[in-house]
Amino acid sequence: MGRPRAFDEDEAVRAAVGLFGGRSYDGVSVDDLVSHLGVHRNSLYKTFGSKRGLYLIALRRHLADDVRPLLDALADAPDAGAALRLVTSADLGLLLLAAVERAPVDEEVASEVTAALAAVDQAIAHALGVPADLAAALTAAALGLLLRGNSDGATTALIQRLAPLT
């Protein structure tokens, strides 16, 4: 019989979400995971299989804990401006990094990212009663603003332009 785990797997996954979401997959080494998660190297491999295995679990946790609540909130968005504010204020760092860094080279990550973004598009389309292509454009604009930040008032300007949609 093996030794009992000396770490909380749930806490380790939550910490990995923050680490990967702040530094990206390639920006996090196994040594970083060991030191930041408080997990021994052997335990990390035994529990998660690999760095990639932990990354996939962390990405799925991020989708469940951060993206799913956004989808629920978008369902109640009264207008395009509210939907835009919800997306630009959400914690979507890991999703965005996964989209640009890992999805192009990892089919499993690409599938998770594609499904999550399609769900955001669908939630916006349903809430606002707009066509799917317009909802996808709104998602793209919101994610672009999230990446860019709002230091120049771009979010406010776009919200004002979107007012006629509702």
Side-chain angles (χ1 to χ4, degrees), residues 9-37 39 41 43-77 80 82-150 154-155 158 162:
E9 187 175 332
D10 190 57
E11 287 179 24
V13 171
R14 262 190 252 128
V17 169
L19 199 56
F20 287 126
R23 293 175 35 194
S24 78
Y25 179 84
D26 288 335
V28 175
S29 69
V30 173
D31 287 338
D32 293 329
L33 291 169
V34 167
S35 65
H36 284 83
L37 277 53
V39 175
R41 185 178 297 270
S43 295
L44 185 136
Y45 285 113
K46 185 176 181 181
T47 304
F48 303 110
S50 64
K51 174 183 162 182
R52 181 181 177 273
L54 175 56
Y55 179 82
L56 288 169
I57 292 168
L59 177 60
R60 290 178 182 128
R61 170 65 62 82
H62 172 62
L63 298 176
D65 290 355
D66 299 313
V67 178
R68 170 60 47 215
L70 171 63
L71 299 176
D72 295 341
L74 284 170
D76 296 326
L84 189 66
R85 280 188 289 279
L86 285 167
V87 174
T88 58
S89 65
D91 176 7
L92 301 178
L94 183 50
L95 174 62
L96 293 172
L97 286 171
V100 298
E101 180 193 32
R102 299 303 307 159
V105 297
D106 187 321
E107 288 183 29
E108 201 167 355
V109 172
S111 177
E112 295 287 348
V113 168
T114 299
L117 294 176
V120 174
D121 294 344
Q122 184 178 22
I124 289 174
H126 180 74
L128 304 180
V130 298
D133 59 345
L134 179 55
L138 288 170
T139 300
L143 293 174
L145 289 168
L146 182 59
L147 283 172
R148 180 180 177 163
N150 192 34
T155 303
L158 184 56
L162 292 174

Mind listing the side-chain donor-acceptor pairs of residues 16-23 below 3.5 Å, one per line with the distance, residues two or more places apart or on another chain?
from: R23; atom 1: NE; to: G27; atom 2: O; distance (Å): 3.4
from: R23; atom 1: NH2; to: G27; atom 2: O; distance (Å): 3.2
from: R23; atom 1: NH2; to: D32; atom 2: OD1; distance (Å): 3.4
from: R23; atom 1: NH2; to: D32; atom 2: OD2; distance (Å): 2.5

Run the side-chain donor-acceptor check on residues 122-143: report pairs under 3.5 Å with partners two or more places apart or on a different chain.
from: T139; atom 1: OG1; to: D121; atom 2: OD1; distance (Å): 2.6
from: T139; atom 1: OG1; to: A135; atom 2: O; distance (Å): 3.1

Could you list the donor-acceptor pairs under 3.5 angstrom formed between side-chain atoms of residues 51-61 and any protein atom two or more places apart in sequence or on another chain?
from: K51; atom 1: NZ; to: Y25; atom 2: O; distance (Å): 2.9
from: K51; atom 1: NZ; to: V28; atom 2: O; distance (Å): 2.5
from: R52; atom 1: NE; to: D106; atom 2: OD2; distance (Å): 2.7
from: R52; atom 1: NH2; to: D106; atom 2: OD1; distance (Å): 3.0
from: R52; atom 1: NH2; to: D106; atom 2: OD2; distance (Å): 3.3
from: R52; atom 1: NH2; to: E108; atom 2: OE1; distance (Å): 3.0
from: R60; atom 1: NE; to: E112; atom 2: OE2; distance (Å): 2.8
from: R60; atom 1: NH2; to: E108; atom 2: OE2; distance (Å): 2.7
from: R60; atom 1: NH2; to: E112; atom 2: OE2; distance (Å): 3.4
from: R61; atom 1: NH1; to: D10; atom 2: OD1; distance (Å): 2.8
from: R61; atom 1: NH2; to: D10; atom 2: OD1; distance (Å): 2.6

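Atom CZ in R14 sits 11.5 Å away from atom CG in L37 (nearest 0.5 Å). Between the CG atom in D91 and the CG atom in D66 there is a gap of 4.5 Å [rounded to 0.5 Å]. Between the CG atom in L96 and the CG atom in L146 there is a gap of 5.5 Å [rounded to 0.5 Å].
A pairwise comparison of heavy atoms in A116 and L95 identifies CB-CD1, 4.0 Å as the closest pair. Among all heavy-atom pairs drawn from P104 and A99, the shortest one is CD-O, 3.5 Å. Across all their heavy atoms, D26 and R102 have their closest contact at OD1-NH1, 3.9 Å. When all heavy atoms of A73 and L86 are compared, the pair lying nearest together is O-CD1, 3.6 Å.
Contacts of A90 classified as side chain to side chain contact (heavy atoms under 4.5 Å, CB included), with partners at least two apart in sequence or in another chain: L70, L92. For D31, the side chain to side chain contact (heavy atoms under 4.5 Å, CB included) partners two or more places apart in sequence, or in a different chain, are S29, R41.
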* Asked: Do V34 and V39 pass the side-chain contact (heavy atoms from CB on, under 4.5 Å) test, and can you show the C-alpha distance, the side-chain angles, and the key distance before you say yes or no?
  -> CA-CA 5 Å; V34 167; V39 175; 5.8 Å; no
